Amino acid sequence: MNRPPPHVVVARDADRPGWLLAVTTAPAQDVTAEHVREDALHDRVRALEHELAPRWTVRSLRSFYPPLLAAGIRLRRAHDLLLCHAILRDTPALSEPLTPSPLWVRPDQPEDLVAQPGLFDVGPDAGSDLDEVLAQWRAQQDALDRAPDGRLALLCAAESTGALIAEEMTAAGLPWSRAVHEGILEDALGPRPLRGARPARMASLVREIGECLGDAEVNPDSPPRLLRALHRAGVFVESTSKWELSDIDHPVVAPLLEYKRLARLFTANGWSWLDDWVRGGRFRPVYLTGGVVTGRWASSGGGALQIPRQLRPAVHADPGWVFVTADVAQLEPRVLAAMSHDTAMADAARGSDLYEGVVRSGAVASRQEAKYAVLGAMYGATTGESGRLVPRLRTVFPRAMAHVDAAARTGEEGGVVSTLLGRGSPRPDEAWRSAQSRAGDPGAGGADEARARSRARDRGRFTRNFVVQGTAAEWALLWLAEIRHRLMALPPAPVSAPASGPAFDDRPHLALFLHDEVIVHCPADQAGAAAEAVRAAAEAATARLFPGFAIDVPLDLSIRDDAAT
DNA sequence: ACTAAGTGCGCG
DNA sequence: AAAGCGCGCACTTAGT
């Protein structure tokens, strides 16, 4: 039968330069570690990967894996102790969670991990010698053994595979066409301005805005000054945000909104962004796995997860290569239906448009209403159109609604909720708890109580959304891992992509992951196989996360040479 | 001169 | 000041 692979526990040698590698199969087992000289590490890892295909157990893949990738080595399995410590320490799925250890807590600021990986990751620091690493690994294995089922183990494996993928995607990079990007910028903004100057289109809009407001000195980049100028001109808005301005009938609105649009493009993704972030035809963001409390990834550098739709055509495959792009329509409500075993909602989710299914269920009259109602149910809307429609869903989808309502109630009461695989929400912080207890004091005033109620509801909306967003993130993580698994099984292609890293230049690889969307970069003649891998991976992810429950998770999948929508 | 907080907007 | 969640980044202003 399938024996689980051995672990290779990796640590720095505290006594001499180099590394210690301990091959082991059970936490209770005595281990002897092999010393590997610094310059021999890559060869030894390559050999062990070939012979054993072990689960590489390291303090943090964030620092351990990139040098291996640069040397052309890919690891199949891993266990990231830092990421899994965070999961096993906070989970309500264990009656006795992992004892928190300060040595294994990640820094509050994720940037620290990026800026100074050596400080917190594998290195000659506390927590990275063999005894510490082995003790932490054993503690985590014991915690997983105590778990009531295999879900936490699946989560830890998926989280660690995600960390492998994140580093691989940074190494591979996202194929990016400078020429296409510059074309978009010039069409919108005019020629690249001199350093420090506004692009021509923006400058003329500023003049136009000044004329409309009778204020030649107006600076639309300064919200307070712009607000005063608007008030002087009789435009009584409370903020300068575009959602409020767009409701106003005044000649300044059109040029102002246009200016905001262009200013955003220029400052966030203009020529400086290109200079800073695109090298050799690749955009290489740093992905921060576990960077969001719900389990979603965050990113650092270049705003990788906020690339505007407008610039998607600049995401361009290499000559002879194509993209397989895929995204899930309405992932979160589908996940909610499945995790709550709401068969009525799963029926509504049948097919490619869940919102039309909600209309068919009779809960609401139009697709637009269905969308507001479903989003409001997951986000905790109480007022407005959305808040008005949410109660209709309670009669039609009682199980799904009970699930999110219970999560909200737990959060309001200061409790901890968890995703389907067992990632726990953060406990309320000290400020929250003291606000609640102050409201219960005998001398508490009405303002204290109102404030406490408001904070409680804020937290309820957070925990309500946490269970859905977090479980959707787990589906996406499993999808990603299944895609990688299938892509690694495809044969190398004869044609190399010119700009990829050494570990990727000859085979299909993931190039972007964005919550519920992936881009695979692959040789054109492997596009069909890669697309099938992405599709089959989605089915596998659904089957693993929701065994025995029928839920459609349809993909919008295409093969193309750019990422335009 | 530097940092922290607020504003606003892009993405899901 | 989005009705309602989660992020990152650029810019300005207020504070040291």
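Given the structure is predicted, the values throughout are model-derived calculations rather than measurements. All chains are named by letter (A, B, ...) in the order of the sequence lines, taking the proteins before the strands, and each is independently numbered beginning at 1.
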Check your understanding: Do other residues, nucleotides or ligands put more than 12 heavy atoms under 6.0 Å from A:Arg433 CZ?
Key -> yes
Revision key, fill the gap. The reported gap from CD in A:Gln310 to NE2 in A:His181 (rounded to nearest 0.5 angstrom) is 9.0 Å
In whole Å, I'd like the distance from the [atom1] atom of [X] to the [atom2] atom of [N].
X	N	atom1	atom2	value
A:Leu311	C:dG8	CG	P	20 Å
A:Asp247	C:dA3	CG	C1'	13 Å
A:Glu244	C:dA2	CD	C1'	10 Å
A:Lys242	B:dG10	NZ	C1'	8 Å
A:Leu227	B:dG6	CG	P	17 Å
A:Met202	C:dC11	CE	C1'	11 Å
A:Leu305	B:dG10	CG	P	16 Å
A:Gln306	B:dG10	CD	C1'	6 Å

Students often get this wrong, so: under 4.0 angstrom with heavy atoms, is [X] touching a base, only sugar-phosphate, or nothing?
X	answer
A:Gly380	sugar-phosphate
A:Thr267	sugar-phosphate
A:Arg464	nothing
A:Leu514	sugar-phosphate
A:Ile307	sugar-phosphate
A:Gly303	sugar-phosphate

Tell whether [X] reaches the base of [N] with its side chain through a donor-acceptor pair below 3.5 angstrom.
X	N	value
A:Gln469	C:dG6	no
A:Arg461	C:dC5	no
A:Arg309	B:dG10	no

State whether [X] and [Y] are salt-bridged, where the test is any N-O pair (Lys NZ or Arg NE/NH1/NH2 against Asp/Glu carboxylate O) under 4.0 Å.
X	Y	value
A:Arg459	A:Asp429	no
A:Asp90	A:Arg423	no
A:Asp552	A:Arg334	no
A:Arg457	A:Glu412	no
A:Arg409	A:Glu413	no

State which of [options] makes the closest approach to the side chain of [X].
X	options	value
A:Phe462	B:dG8, C:dT13, C:dC5	C:dC5
A:Thr383	C:dA3, C:dT12, B:dC11	C:dA3
A:Tyr372	B:dG10, C:dG4, C:dG6	C:dG4
A:Pro224	B:dT7, C:dT13, B:dC11	C:dT13
A:Ser241	C:dA2, C:dG6, C:dT12	C:dA2

Study note, to complete from the structure: The answer to which of A:Asp276 and A:Arg296 contacts DNA chain C further toward the 5' end, by nearest nucleotide, is A:Arg296
Check your understanding: 5'-most contact on DNA chain C: A:Asn465 or A:Ala304, nearest heavy atom basis?
Key -> A:Asn465
Would you tell me if any nitrogen or oxygen in the side chain of [X] comes within less than 4.0 Å of OP1 or OP2 on [N]?
X	N	result
A:Thr382	C:dG4	yes
A:Arg264	C:dC9	no
A:Thr240	B:dG8	yes
A:Ser222	C:dT13	yes
A:Thr294	C:dC5	no
A:Lys260	B:dC9	yes

Exercise for review: For nucleotides B:dG6 and C:dA1, find the distance between their P atoms and express it as a whole number of Å.
Suggested key: 11 Å
Review point. Distance between the C1' atoms of C:dG4 and B:dA5, in whole angstroms?
Key: 24 Å
Review point. Paired with C:dG4 by Watson-Crick or G-U wobble geometry, both distances under 3.5 Å: which nucleotide is it?
Key: none
